[in-house]
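Both backbone and side-chain heavy atoms feed into the values below; hydrogens, waters and symmetry mates do not. The shown structure was predicted, so the numbers you read here are calculated from the model rather than taken from an experiment.
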Amino acid sequence: MTDNDATNDPRARVARQTGGASSAADGPFQATGMADPKMSARGVNVFYGAKQAINDVSIDVGMDNVVAFIGPSGCGKSTFLRTLNRMNDTIPSARVEGDIRLDGEDIYAARMDVVQLRARVGMVFQKPNPFPKSIFDNVAYGPRIHGLAAGKTELDEIVERSLQRAGLWNEVKDRLTDSGTALSGGQQQRLCIARAIAVDPEVILMDEPCSALDPIATAKIEELIHALRGQYAIVIVTHNMQQAARVSQRTAFFHLGTLVEYGATSDIFTNPRQEKTKDYITGRYG
Amino acid sequence: MSGDKAPVFHVDGSRTAPTDWTSDAMRKRIAKRYAAERRFKYLGLAAVVLSASFLVFLLWVMVGNGISGFQRTEVRLDVDFPALTGGAQAASLTGPQAGTAAASMDLPGVVSVAIEAEYGDSGAQIFSPGAWQIVRKKLLAEPSLIAAKRTLWLPASSELDIAMKESGNAKTEALLADLRGKNLVRTGFNDTFLTGSDATDPAQAGIWSAFKGSLMTMLVTVLLAFPIGVLAALYLEEYAPKNRWTDLIEVSINNLAAVPSIIFGLLGLVVFLNWMHLPRSAAIVGGLTLALMTMPIIVIAGRNAIKSVPPSIREAALGIGASPVQVVFHHVLPLALPGILTGTIIGMARALGETAPLLLIGMRAFIPTAPGGLTDPSTVLPVQIYLWSDEVNRGFVEKTSAAIIVLLLFLLTMNALAIYLRNKFETRW
Amino acid sequence: MNQQAGHTVTAFDAEMSDIRGMISDMGARAEAAVEAAMKALRTNDIDSARIVVAGDKAIDAIETSVERRVVQTIALRAPMADDLRDLVAALKMSGVIERIGDYGKNIAKRVGALEGHGFLDSNDQLFRMADIAGEMVRMAMDAYARRDIDMARAVCVRDDEVDQIHKDLFVDFIAHVAKHPTDATEIAHLLSISKNLERIGDHATNCAEMVYFSQTGQSLADEFE
């Protein structure tokens, strides 16, 4: 499945995904209005104490696309990413307003179970952070605490399947009892991805997953993201525009806490509509 | 040569000469810096050597004084068991009735008759009054001894013992020389010291009861202080909201750790003895008091250990969907355990050596028998050392030093155990 | 549209302006070559024609240079959006302008063959076509230098005129050959020249389309459909 199928003119596809609105004719852009979004945010504001970090952001994330969040440092893309799985709850001064839904359910509602939400919306962090346990235990931890495996054989299967999906199985199948921290950086990050996959999430959030890795490890992870597309809704925050261009089908540009432009990746990078977006991606920013 | 280098251009267009790294002034500066490095290194080395020498000095003095406490002078005695016991059988000394059988044999009488027979009147001065207990012990261990005449080596009296190890008055010295000449005296291992309890006669004094008391007190202390301290540290770090109240609690705990231990003794006296009417001088009271004292140390060490667990691990666990309790017990606690155990070692070592608070709650009594349970009157090693050091009898000097050696060994073992546990739980990152 | 703020990495700006400079240079040379060739044709000046033919090498060299520089810049700078379109436009334009230069050379080569036959005296239309084509090239290069999409549009409009003149000339030439078969060689040359000029007009239109694409990201042809 390539991004530029002969029958799929990028503009037509965007128009489809934005509910029929033509991209050229529309004023700014259309970030919402997707037919069946996996996650949708409307009017999200995030405050750290008195300081506002996210300003009225509305966006839809669909199942079959990888969405990249790009923007300069401090523009709020990581903060917004963390609102999608309520990781901002761990920061005492953070306050989230607005409507964020997973499959139509408000994730900030009182009856939404945070623990379950975080299993359904997994997260991979910037610096690989495997638990200081064995590789097997790292991947098995999630299924164990959520009770996803009936017995040892099933747990073994889940671990093997997750490691295979993460492209790590062949490299570690003979040493599952080795410590997870003994792997190389790229392998550790793939282990973290396997760990997130093991609890069978629906959405995977990645916060600059490759920024601590060398180019080869980065390429492997990008290939992995490509393979996972379609099975999970993936949102990736990245500083590296070329990576966003390679890996995603839709890109959102954030600037000072606002969503400036959201569209098909090929459009954003060849002909962005907003001046700010153009300045940022051509290197005229700052 | 230095003038041939290219000039340095600055942003505003001005030029300066490049830094000359080989000039005399520069060389002198560098030499001074190295000299400062060396000075600092040697200063550090001197500090270490000084501390080590203090330690060596302490050990040297202690061991020098105390090693003789583990030895005792023994004098030979021939005992004709069949004649003196009227033909008692070995069989009667075996089985459950052995103790009663031994008592019925009037072993003190047997022994004093044998002493008088061999040494005459001066025999009483030669042997320790507790010598018959040694005979009893030997008979119960090996009942066949009773069947024939035996040669036994029994403990000498205190005066003879001191005269043998250091010096005594003229009469005792003469007696000793006499015995030596006849090869009737030797130095053996003093197992009474390790198995016996406090006694008025230094030759019979032992530290077992104090040791057992220390053991029981430490047990109570660790069973109380460790869980409460660790749980308190966990709560303060993980769950407590960051407001004025928690700050107040933190300051209070830090201050508690610095409070002089005798005040805890006072607290124990008021609360445990006067209010709660717990038995005086019991191990449980000592343990409770020391637990109060040790807990702040464990809380402080625990908090630091928990703080040092990197937030990335917590985030990773939360991101997978672990609940806060699971994050703490599956991830934070195992990683913080080495630090917590180190704090516990420090706290327990301090508690082991505490004398003042225990004196206040009355663990200073004369305990002739080892404590049976937690509520029996007992004493602890440091208090025993303190009491013996107060004694007039010269025989207690070596006993004091020997007790100090035992205390140090106890401490070492405890530390070794904690270090072993810490290493076992230390996960390699 | 004015050039907006420069890149944070100023060397990128320098590279882009170098490439733009080379394209403008090429365009000027190609336009001069066509003009000189037509002048040589009118005055039957063999020496001028030779100069034009020799000058084509320089245009070819610049084209090679531009290609190399564009590939290098794409590899090293990973350009996006308008920078990328600029570079793609420059690459295509260099090829197109090189061909304009080639047509100029081709016209110059035919200068000697039409000597003294008087065909050219009455052939105003041919020279008119040359003027328009030359103007189109000039306008396209102006539009490029100034990033002016209106001027680019104007170029495309004028191509119709050139095409029409070529069609008329074609009919006239064929009719003439039918009447005077011995003039076939000369007429053939004239036809070629006319065809070259018509192609020059097309290429100028291509350049204008490239200018429009690099500024807006859209295809000019779509507008005209």
Measure A/Lys133 against the heavy atoms of chain B and call it side chain, backbone, both or neither at under 4.5 Å.
->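 Only the side chain of A/Lys133 comes within 4.5 Å of chain B.
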Can you say whether A/Arg82 sits under 4.5 Å from chain B via the side chain, the backbone, both, or neither, judging by heavy atoms?
-> side chain
For chain A, which of B/Ser323, B/Ala317, B/Pro241, B/Ala316 has the most heavy-atom pairs under 4.5 Å?
-> B/Ala316
What residue in A/Met123, A/Gln116, A/Met87 has the most heavy-atom pairs under 4.5 Å with chain B?
-> A/Met87
Pick whichever of A/Leu117, A/Val124, A/Val115 has the most heavy-atom pairs under 4.5 Å with chain B.
->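 So the answer, after comparing A/Leu117, A/Val124, A/Val115, is A/Val115.
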Does A/Val61 reach the side chain of A/Val203, with side-chain heavy atoms less than 4.5 Å apart?
-> no
Flag the pair B/Glu354 and B/Arg350 as a salt bridge only when some basic side-chain nitrogen lies within less than 4.0 angstrom of an acidic carboxylate oxygen.
-> yes
Donor-acceptor list for residues 412-421 of chain B side chains, cut-off 3.5 Å, not counting sequence neighbours:
from     : atom 1 : to       : atom 2 : distance (Å)
B/Thr413 : OG1    : B/Leu409 : O      : 2.6

Do A/Arg195's NZ or CZ and the ring of A/Phe131 fall within the cation-pi criteria of under 6.0 Å and 45°?
->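 Yes, A/Arg195 and A/Phe131 form such a contact.
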Are there more than 12 heavy atoms of other residues, nucleotides or ligands under 6.0 Å from atom CZ of A/Phe47?
-> yes
